[in-house]
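First comes the structure, then the notes that go with it.
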2 protein chains.
Amino acid sequence: MNQSKRYLDIVKEIRDMIRQEKIRPGDRIPSERELAEKLQVGRSTLREALRSLELLGLIETRRGEGTFLSDHRNHKLVEVLSTFILQDNQSRKDVWETRLMHEISAIQSICQNKALAELRIWDSFKKRLEGESFQRADFVRELMVLSGNRLSLKIWFLLHQYSGSPYSHEVSEDEKDLMLPILDALENQQEEKAIHAFKSWSEWIEKRRMLNGDNS
Amino acid sequence: MNQSKRYLDIVKEIRDMIRQEKIRPGDRIPSERELAEKLQVGRSTLREALRSLELLGLIETRRGEGTFLSDHRNHKLVEVLSTFILQDNQSRKDVWETRLMHEISAIQSICQNKALAELRIWDSFKKRLEGESFQRADFVRELMVLSGNRLSLKIWFLLHQYSGSPYSHEVSEDEKDLMLPILDALENQQEEKAIHAFKSWSEWIEKRRMLNGDNS
DNA sequence: ATTTGAAAGTGGTCTGGCCACTCATATTGT
DNA sequence: ACAATATGAGTGGCCAGACCACTTTCAAAT
């Protein structure tokens with residue numbers, strides 16, 4: 001009945017064991033030799049299960065130290081899948097649009113978060129904008145973080161990396177004029193305005209990129 | 001330099017080999033013993049790589065026959081990951097929100113596509129809604145396709161699979177009342193209305209899922 | 001008290017073997 | 001001649017045991 005695929009059973013057993021013994025992310029799980037003994041399987045078979053879990057990012061192994069349950073809040077979902085998703089020559093446009101989608105969604109989320117509005121964090125952004133070292137990517141990433149959706153943040157980060165990085169440069173003076181309205185709108189929780197300003201900024205960047213040269 | 005993690009290299013090499021030799025889904029790939037010989041690694045190490053790929057649903061092994069490149073529609077990945085990860089409520093919420101984000105973005109895109117509006121495809125949707133076999137997931141998937149962003153479609157598909165599948169059931173009669181407004185709004189390119197109706201529908205589904213039992 | 005180094009424990013890899021299964025082929029029985 | 005059967009080669013599934021490289025620990029030497 002349960003013919004073959006022993007390593008799949010092992011995956012399950014390991015999962016159950018982790019639950020029962022209340023192993024928390026970061027904790028060590030028993031050594032390969034112990035597990036093999038406990039589950040009555042050969043070490044190589046056990047390793048097949050472990051390597052699979054590792055590729056999924058569920059566990060983490062360090063030679064000489066042991067095997068650890070990784071923090072699945074940082075699920076590797078995206079990394080693993082991105083190799084499949086992004087492998088074919090997906091049009092640049094899709095990546096750009098999708099990234100923008102995540103960014104705008106983050107802005108919406110931020111505007112609707114009342115607790116966030118009371119923190120008055122936007123002033124500090126404005127100050128940093130005045131200062132010298134302020135990268136576009138940093139600004140947007142912080143927005144993504146503020147949105148509170150970690151999965152969206154991860155996807156965004158990948159798309160950001162993938163799409164070259166027209167984002168990773170210092171902001172120019174012209175650009176600051178485009179960014180200030182975004183901060184103003186965010187400060188006052190004006191969702192529509194913030195999105196509009198953000199789109200303007202994004203399109204401005206995209207246009208400039210097209211002019212400068214399309215480094216793939 | 002590239003210390004340890006040999007099996008990861010193997011994963012890569014296998015993937016490259018598959019590309020170069022133009023192996024198509026369903027085709028057989030060389031036997032474990034052949035591959036081990038070719039890549040100059042032990043068979044057990046090679047197997048660790050293969051099992052990982054299998055758990056990802058990229059290959060399929062049949063004892064006595066061989067190893068085959070799989071139709072990567074069957075991501076076991078999703079089941080495994082979800083059993084490990086979805087216990088975390090924050091993750092659950094993130095997945096749900098992100099999925100909804102992609103869906104709404106697709107609706108926006110559809111509403112803004114004038115060429116699409118002239119095709120009068122929505123009547124056929126309504127007819128199918130009257131018919132017997134109409135699954136929620138099919139409906140949403142077609143929306144994603146219509147949006148034209150293939151990357152977003154792929155991400156959506158994964159999130160959809162990942163989030164269990166409260167979506168993969170027949171629509172009830174009650175539900176049709178919630179869906180019709182969506183179709184009406186889409187037909188008339190009423191973006192705001194369509195989004196609002198879609199959100200109502202989605203929240204209805206989510207509520208019902210919470211009531212029925214939160215199968216982890 | 002500090003440094004050193006040996007031992008124990010860990011994951012990483014390989015070898016070689018046996019088993020269970022599939023399939024094509026050869027053999028056998030009719 | 002045909003059909004049923006047996007055989008053998010090839011495959012994945014699994015295991016035991018052996019090294020290696022690395023980390024940690026702790027006792028011994030300084």
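Lettering of chains follows the sequences in order, A, B, ..., and the numbering in each one begins at 1. Values below: all heavy atoms of this structure, side chains included; hydrogens, waters and symmetry mates excluded.
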Just how far, in rounded Å, is P of D/dT25 from CZ of A/Arg28?
11 Å
Side-chain heavy atoms of A/Val41 within contact of A/Leu35, under 4.5 Å:
no
Let's see if you can work this out: which of D/dT23, C/dC14, D/dA21 has an atom nearest to the side-chain heavy atoms of A/Arg63?
D/dA21
Residue A/Ser44, side-chain atoms from C-beta onward, closest of D/dA16, D/dG12, D/dT23:
D/dA16
Students often get this wrong, so: under 4.0 angstrom with heavy atoms, is A/Arg47 touching a base, only sugar-phosphate, or nothing?
base
Calculate the interatomic distance between B/Ile10 atom CD1 and C/dG12 atom P; express it in whole Å.
12 Å
To the nearest angstrom, how far is A/Glu60 atom CD from C/dG11 atom P?
13 Å
Atom pair distance, as rounded to whole Å: CG in A/Leu35 and P in C/dG9
16 Å
Using a 4.0 Å heavy-atom cut-off across all strands, classify B/Gln40 as base, sugar-phosphate, or nothing.
sugar-phosphate
Quick one: label A/Gly42 by what it contacts on the DNA or RNA (base, sugar-phosphate, nothing), any heavy atom closer than 4.0 Å.
sugar-phosphate
Calculate the interatomic distance between B/Glu48 atom CD and D/dG12 atom P; express it in whole Å.
16 Å
Checking salt bridge (charged side-chain N to carboxylate O under 4.0 Å, His left out) for the pair A/Glu34/A/Lys38: CA distance, chi angles, key distance, verdict?
CA-CA 6 Å; A/Glu34 277 181 65; A/Lys38 192 168 186 176; over 6 Å; no
Look at A/Thr61 and C/dG12 and indicate whether a side-chain polar atom (N or O) is within less than 4.0 Å of OP1 or OP2.
yes
Please check the phosphate of C/dG12 (OP1 and OP2 only) for any side-chain N or O of A/Arg43 closer than 4.0 Å.
no
Taking the side chain from B/Ser52 and the backbone from B/Glu48, do they hold a donor-acceptor pair closer than 3.5 Å?
yes
Hey, mind stepping through A/Lys199 and A/Glu203 against salt bridge (charged side-chain N to carboxylate O under 4.0 Å, His left out) and telling me if it holds?
CA-CA 6 Å; A/Lys199 275 187 183 168; A/Glu203 279 157 15; over 6 Å; no
Check whether the side chain of B/Arg51 and the base of D/dG13 form a donor-acceptor pair under 3.5 Å.
no
What's the CZ-P distance between A/Arg62 and D/dC22, to the nearest Å?
16 Å
A/His160 and A/Trp156 aromatic ring geometry - parallel, tilted or perpendicular at 30°/60° bounds:
parallel
For B/Thr45 and for B/Arg33, find the nucleotide of DNA chain C with the closest heavy atom, then tell me which residue's nucleotide is more 5'.
B/Thr45
Nearest-angstrom distance from the residue atom CD of A/Glu37 to P of C/dG9:
15 Å
Grab the CD-P distance between A/Glu32 and D/dC15 for me, whole Å please.
14 Å
